[in-house]
Amino acid sequence: VKAAFRIWTACGVTRGFLVSSPTHLPRCLACACQAHQEDECSDNPVFTGELHASPSETCYEGFEAGDVVVVEPPHRGDRDKSLDELPFHELVRRTFKITSDRKVDFLKAFDALLKSYSV
């Protein structure tokens, strides 16, 4: 993404388009937005134009856009504010830090926990 920003700037691009699989696009866009924000905050921003995203016509085999789950930070005014002390998005992010040698055990325990709540 950052390399694309440099190319776009060198070519005078003011609107960049990110195209990716519908099952991959939400994460790609989040990463691109983070890179764009970091770039804008730098002393020498590379790309200051607009960033847009569009799904391609292909998905990962066996999956579709409806399989994607997006976990956002709490932001809605009508949310249960008593849950703010346990920000779910941060808990989910932590699960990605579990080492590969412990991931199967974690997922089995997580699955058992969810089943204990009948979900």
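In this text the structure is predicted, and so the values were computed from the model without any measurement. FYI, side chains are in, hydrogens and waters are out, and symmetry mates aren't considered; it's all heavy atoms of this structure.
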So how far is it from [X] [atom1] to [Y] [atom2], rounded to the nearest 0.5 Å?
X	Y	atom1	atom2	value
F96	K103	CZ	NZ	7.5 Å
K2	R6	NZ	CZ	8.5 Å
H36	T48	NE2	OG1	7.0 Å
D67	Y60	CG	OH	13.0 Å
L29	S54	CG	OG	11.0 Å
F106	T95	CZ	OG1	5.5 Å

For the residue pair [X] and [Y], what are the closest heavy atoms and their distance?
X	Y	result
T23	A65	CG2-N, 3.9 Å
P74	D84	CB-OD1, 3.8 Å
P26	V70	CB-CG2, 4.2 Å
S20	C28	OG-SG, 3.7 Å
V68	P22	CG2-O, 3.9 Å

Check whether [X] and [Y] end up in the same hydrophobic cluster, where Ile, Leu, Val, Met, Phe, Trp and Tyr are linked by side-chain heavy atoms less than 4.5 Å apart.
X	Y	result
V119	L83	no
V71	Y117	no
I98	F110	yes

Worksheet entry | Evaluation steps, side chain to side chain contact (heavy atoms under 4.5 Å, CB included), between L113 and D111 | CA-CA 5 Å; L113 177 65; D111 185 47; over 6 Å; no
Practice prompt. Measure the acute angle between the ring planes of H52 and F17, then classify it against the limits of 30° and 60° as parallel, tilted or perpendicular.
Written response: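 H52 and F17: parallel rings.
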Fill in: Parallel, tilted or perpendicular: ring planes of F5 versus F47, cut at 30 and 60 degrees
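Parallel, since the angle between the ring planes stays under 30°.
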Practice prompt. Check whether any side-chain N or O of R79 sits under 3.5 Å from a backbone N or O of R76 as a donor-acceptor pair, and report yes or no.
Written response: yes
Worksheet item: Around Q37, counting heavy atoms of other residues, nucleotides and ligands shown, do more than 12 lie under 6.0 Å from its CD?
Response: no
Worksheet entry | Neighbour count above 12 (heavy atom, 6.0 Å) for K81 NZ | yes
Item to complete: Under the side chain to side chain contact (heavy atoms under 4.5 Å, CB included) rule, what do L51 and W8 come out as? Steps first, then yes or no, please.
Response: CA-CA 11 Å; L51 181 61; W8 292 346; 4.1 Å; yes
